Amino acid sequence: MPRVSDRQRIAQDIRDRISSGEYAPGHKLPSLREMIAHYGVSAEPVRSALLILQAEGLIEGHQGKGNYVTPRSAPPQR
């Protein structure tokens, strides 16, 4: 069975927290230091995971302010 990389594991954990509503739209994610301590990794896998989530449009980074969950559009009305 292939091993999941740290960056993939971190990205999936944050995705799960966003989809569950734990991290709601506009929510500020924990700081880089907090994530390093929480996941028990160096800064590089955390940064890589955040870049993946930014590319997916789930979070947005603001220089010097942190990373935030992006606002999601409302589901289409039927």
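Every value quoted in this text rests on a predicted model; they were computed, and no experiment measured them.
Here Asp6 contributes atom CG and Ser42 contributes atom OG; the two are 8.0 Å apart, rounded to the nearest 0.5 Å. Rounded to the nearest 0.5 angstrom, Gln12 CD and Ser19 OG are separated by 8.0 Å.
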Worked verdict on Leu51 versus Gln54 for side-chain contact (heavy atoms from CB on, under 4.5 Å): CA-CA 5 Å; Leu51 288 173; Gln54 285 179 5; 3.8 Å; yes
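The pair Arg7-Glu44 fails the salt-bridge criterion, with no side-chain N (NZ, NE, NH1 or NH2) lying under 4.0 Å from an Asp/Glu carboxylate O.
Within the 4.5 Å cutoff, the side chain of Ile14 has no heavy atoms near those of the Leu58 side chain. Contact check for Val41 versus Arg9: side-chain heavy atoms found under the 4.5 Å cut-off. Using a 4.5 Å heavy-atom threshold, the side chains of Ile59 and Tyr23 count as separate. Glu60 places none of its side-chain heavy atoms less than 4.5 Å from the side chain of Asn67.
Across all non-hydrogen atoms, the minimal contact from Arg17 to His38 is NH2-NE2, 3.5 Å. Between Ala11 and Ile52, the shortest heavy-atom contact is CB-CG2, 4.4 Å. Here the shortest heavy-atom pairing between Leu50 and Leu29 reads CD2-CD1, 4.0 Å. Of all non-hydrogen atoms in Pro71 and Pro25, the two that sit nearest each other are CA-CB, 3.8 Å. Between Ala49 and Ile10, the closest heavy-atom pair is CB-CG2, 3.6 Å.
In this structure, the ring of Tyr68 has its center less than 6.0 angstrom from the ring center of His62.
Each of Met35, Lys28, Glu34 was evaluated against Ser31; a single residue qualifies, Glu34, per the side chain to side chain contact (heavy atoms under 4.5 Å, CB included) test.
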